[in-house]
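Everything on this sheet refers to the single structure shown next.
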Number of protein chains: 2
Amino acid sequence: MSEPLGTVPDEDATPDPDSPEGLGRAASPVTDAAVQRSREPLSRRLVLVNAVGLIDEEGLAALTMRRLGARLGVEAMALYRYVTGREDLLDGIVELLVDDLYGDPDVHMEADVWQEYLQRLAHGVRRLALAHPLVFPVVATRPPAAPWVRPPLRSLRWMESFLEQLQRSGFSDWAAVESYRAFSSFLLGHLLLEVSARGAEISPVEQNPPDTPRRTDLSSYPRLQALEPELSQDHSAEVFDESLEALLDRLEVTRRTR
Amino acid sequence: MSEPLGTVPDEDATPDPDSPEGLGRAASPVTDAAVQRSREPLSRRLVLVNAVGLIDEEGLAALTMRRLGARLGVEAMALYRYVTGREDLLDGIVELLVDDLYGDPDVHMEADVWQEYLQRLAHGVRRLALAHPLVFPVVATRPPAAPWVRPPLRSLRWMESFLEQLQRSGFSDWAAVESYRAFSSFLLGHLLLEVSARGAEISPVEQNPPDTPRRTDLSSYPRLQALEPELSQDHSAEVFDESLEALLDRLEVTRRTR
DNA sequence: ACCTGAACACCGTTCAAGT
DNA sequence: ACCTGAACACCGTTCAAGT
């Protein structure tokens, strides 16, 4: 399994009792200044990890420089030492998640069978998306660095590794590139769909009091009414696996076609 | 072909020379007050159409209540008669585009062959995405009204029509719902991929002067370097069509499986 | 009925100043 | 080296007031 993100690998001196994962939340806007002073030193990674945490907990709209600063026990202006601005902050979040995935030995590995490589990769990205459902849309929609970089595997490292693995497995130039795109499209489609359903449930900020069930009125949509049971069932994990198998089969055809 | 959106079907009195499509841009922040007074009356649709236009031209970040107001020759506060706030504005944009597609007889039609129905629908959504590449991510990622509503066909009308067409063609409850999801996932994956490439090219705001080509440095990525020609080639239209055919074949299997 | 002016809270960002 | 205070431009939104 992958590390929960946030554990800074080096230096774990002074075990901090009030930040269980090593961090996650760094400082509450507490009145005790002594607590604030004993914070882990700021770093770009710490800033980005807390930005992810803020989105996870309160949605993308809650990610402001000022609130992120408060979460870290610091004024907003201090963040400009680690990010050049809010845009860079968002780019940094994407980079952090994608690079963390790259560093995860359960996800990124050379395999004798290319199918295993893609299986691990696909499930790794899926775990990422489900762990951060409110962040994944950002990974999916931020404009990439180059036009041929495709979300969600939007790093040159990942592309290089992906293409190398496939070519080593007998994919031609054309087939490898085609597979990169098909794989990206597959992940994007399935995971954004899955994450969007969760987004509708939790729907940030819109924490309406439970006295408002506000069920959609289906009276003029007989089919929807009849099919609501099927529509509400969730098979996403199985469907993901089956579709992934189907994709791998198609890629094997692509591979043999050269 | 679908109407270019913005042409208000009723009332085309006083042909306005400076708004070729009937609207698109309504009023430039011009100093001539007389021109501003002769504006088309405000309406929710007009507000939404201009919001789309603003995103098309300058990106999502440029869509502020104040700038949208200025574009319409009005103060920002006037917009609150037609939208309850910025969130409702974004929801309205999505609804406008999706409903316009529903109203397009070239896209939404009953067909004797379900494959034709899905073909027209798929190409209609693709045209929408390519016509508004900076808006499509919003269509793709806004939280849906109900958890079982999936982007990009995120209206009850579309879902009802979709499911009805498939059931009329012999799909079981299960198969129809499964197909709705597979189709949604297909569109999302392919179109977001395609649109993200364009977003990287135009990249709103970032209109860097052409003296900064700033090509990505690939020196440490030999595969990327070698495959850059293939990576830069664009076959998206053909790939879309082929993948759509493959999907329809799979759905036919699903249909017969019951 | 429809729009505006004034006001408020909050935002991103810069920069000189503090330690 | 790292953070803050003050300041500025811009933002969403409310509301009483104008026509």
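Small disclaimer: the values here were computed from a predicted structure and weren't measured. Labels below follow one simple rule: chain letters A, B, ... track the order of the sequence lines, proteins then strands, and each chain is numbered from 1.
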What's the CD-P distance between A:Glu40 and D:dC3, to the nearest Å? 13 Å
Residues from residues 75-85 of chain B lying under 4.0 Å of DNA chain C - heavy atoms: B:Glu75, B:Met77, B:Ala78, B:Arg81, B:Tyr82
Report the distance from atom CG of A:Leu68 to atom C1' of C:dT13, rounded to the nearest whole Å. 15 Å
Could you check A:Glu95 against A:Arg142 for salt bridge (Lys or Arg N to Asp or Glu O under 4.0 Å), going step by step and ending with a plain yes or no? CA-CA 11 Å; A:Glu95 196 184 350; A:Arg142 279 251 107 192; over 6 Å; no
DNA chain D in dot-bracket, Watson-Crick or G-U pairs under 3.5 Å, [ ] crossing, | other strand? ||.|||||...|||||.||
Here the distance between atom C1' of C:dT4 and atom CG of B:Leu42, to the nearest Å, is 13 Å
Six-ring centre of B:Tyr102, B:Arg157 cation under 6.0 angstrom, axis tolerance 45°: yes
Nearest heavy atoms of B:Leu101 and B:Gly124, plus distance in Å: CD1-O, 3.5 Å
Between D:dA7 (P) and A:Met65 (CE): distance, integer Å: 21 Å
Whether the side chain of A:Ser232 engages the backbone of A:Glu228 through a donor-acceptor N/O pair (distance < 3.5 Å, no angle test) should be reported. yes
Atom pair distance, as rounded to whole Å: CZ in B:Arg67 and P in D:dG12: 11 Å
Would you say A:Pro137 and A:Val195 make side-chain contact, with heavy atoms under 4.5 Å? yes
Among C:dT4, D:dC3, D:dC11, the nucleotide that comes nearest once only the side chain of B:Arg66 is considered: D:dC11
Does the pair B:Asp100 and B:Leu96 meet the rule for a side chain to side chain contact (heavy atoms under 4.5 Å, CB included), with working shown? CA-CA 6 Å; B:Asp100 260 32; B:Leu96 172 75; 4.1 Å; yes
Run the side chain to side chain contact (heavy atoms under 4.5 Å, CB included) test on B:His108 and B:Leu121 for me, step by step, so that the C-alpha distance in whole Å, both residues' side-chain angles and the decisive distance to 0.1 Å come before the verdict. CA-CA 7 Å; B:His108 176 227; B:Leu121 178 47; over 6 Å; no
Rounded off to whole Å, could you give me the CG-to-C1' distance for the B:Leu89 and D:dC11 pair? 14 Å
If you look at every heavy atom in B:Gln225 and B:Leu218, which pair is closest and at what distance? OE1-O, 3.3 Å
